[in-house]
Amino acid sequence: MKTQLYTPEIIERFSRQILVEGIGASGLKKIREARVAVIGCGATGTSQAELLARLGVGFIRLVDKDFVDISNLPRTHLYTYSDAKQALPKAVACASKLKEIDPAIEVDPVITRVTPSNIEELIRDVDVVVDGTDNLRTRFIINDAAIKLGKPWVFVGFASWYGNVLFINPGKGPCLRCVIPARMVEREERRDACEILGAVGTAIAFIASISSTLVLKHILGILDDYSTFYIVNGKTLDIDKVRVKRNPECPSCVYKKYEFLREDVAVEKATRICGSNAVEVMPPKKIRIDLYKYVEGVDKAKVLSVNPYTAKIKISDMVSMVLFSDGRAIIDGTIDEEYAYRVYKSLVLDRLVNKG
Amino acid sequence: MDFRGEPCPGPLIKTVKTLSNLGENKELVVLTDIEECMKTIKEAVELLDVTEVTVKRENKHWRIVIKT
Ligand SMILES: [Zn+2]
């Protein structure tokens, strides 16, 4: 066989899809050869990743910095109770589930925070970028990089019962910045606005289905409209379509200033994670930790789980720490940044120093 | 394989299953009288590593010859 992307079994697998008008075997070939990056493997990211993998997309990169938590399970596709108990990185858990769905596809899990300095590398070799993020800053970083590299991407916003979708094809329609002003980022990041927003799993599936349909149509070459902003109400089940235009003064897609790619956001040593009851702590310098060795020095009763990517340590009845092998940690169960840093310092930094 | 009167995906699935057990330098002849099915089988089989696929119209059906 030419590649493992096409075998008699795979033709049989997709035989119902091949029969669909507008897809056929030639459509299957386009889908199979498509390369997609899903940025963020939370509620919308996993839903879209699963739909795209089942459609047959041959390469899917999964980018996420977080681990699977039990509170994710009502909204996310793919993740299981066991993934949460092991505190597996979302990118890794998502990739392994997609591989179970279709072992012939290539998946590329990347455990990282998306920054202006790594975004181009993350999307350079894909055909379409899918928004699975939960914040505007990251979306504007994707938007700038997508325009710079000429990559189509689909914006997916959601909260509660509601969602927005816009398929952006640089140069062929408006970009995110044409439609949403950059000042919204600061508004979203203001401390008092850093609230925990709920979301309904059914509404997410509805929104993900719209965005994935747009990605599918783009891959098949039958998407000819890059100017429709979808406003989705997952409660009344209404979909409003609004025509949006390019802003002739857009700093991103017209003047190509790429302001969101300019410099790395100053990363504080401990930052409350918007939308969750947790604080993320960054290591002071680049380190790599062998987590199995690390937990040898921790009271056994406090080690909740350990795998090559994360170690989960119990701090108190309410608080736990998930330590990643790159030295990053998420202190779960608190929003007190100073307390979180103290925990990190005593449990991670001081121990590493003692070990030399 | 004579699939006259049978709509796809049955003939498609049976064709590729047969191909997977056929080995190299063999020939498989498939008959169908449904144009959609002929196109589907031809295009799908072309995705696989076969040497040649030819289609001929014969009376009221198509003869698809697949060389592995
Ligand atoms: Zn723009």
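For clarity, every value in this text was computed on a predicted model and none was experimentally measured. First the proteins, then the strands, lettered A, B, ... as listed; each starts at 1.
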For B:N59, look at atom CG and say whether over 12 heavy atoms of other residues, nucleotides or ligands are found less than 6.0 Å away.
-> no
Below 4.5 Å from any heavy atom of chain B, which atoms of A:I10 appear? Answer side chain, backbone, both or neither.
-> neither
Within 6.0 Å of NZ in A:K99, more than 12 heavy atoms from elsewhere = yes
CD (B:E6) with more than 12 external heavy atoms under 6.0 Å | yes
Check B:L48 against A:P8 and note the closest heavy-atom contact, atom names and distance.
-> CD2-N, 3.7 Å
Heavy-atom closest pair (A:G24 atom, B:E43 atom, distance to 0.1 Å) is C-OE1, 4.5 Å
OH of A:Y309: more than 12 outside heavy atoms within 6.0 angstrom?
-> no
Flag yes if more than 12 heavy atoms outside B:E52 fall under 6.0 Å of its CD atom; otherwise flag no.
-> yes
Any idea which heavy atoms bring B:A44 and A:A25 closest together, and the distance?
-> N-CB, 3.5 Å
Rounded distance (nearest 0.5 Å) linking atom CG of B:L47 with atom OG of A:S26 | 8.5 Å
Distance col, row A:I11:CD1 vs B:T40:OG1, nearest 0.5 angstrom, shows 11.0 Å
Heavy-atom distance under 4.5 Å to chain B: side chain of A:R16, backbone, both or neither?
-> side chain
Measure the SG-CG distance between B:C37 and A:L19 for me, rounded to the nearest 0.5 Å.
-> 8.0 Å
Is it true that atom CD of B:E58 has more than 12 heavy atoms of other residues, nucleotides or ligands lying nearer than 6.0 Å?
-> yes
Please round to the nearest 0.5 Å and tell me the distance separating atom CD1 of B:I13 and atom CD1 of A:I18.
-> 9.0 Å
Mark yes when over 12 heavy atoms from residues, nucleotides or ligands other than A:E121 sit less than 6.0 Å from its CD; otherwise mark no.
-> no
Rounded to the nearest 0.5 Å, what separation is found between the CD atom of A:E12 and the NZ atom of B:K14?
-> 11.5 Å
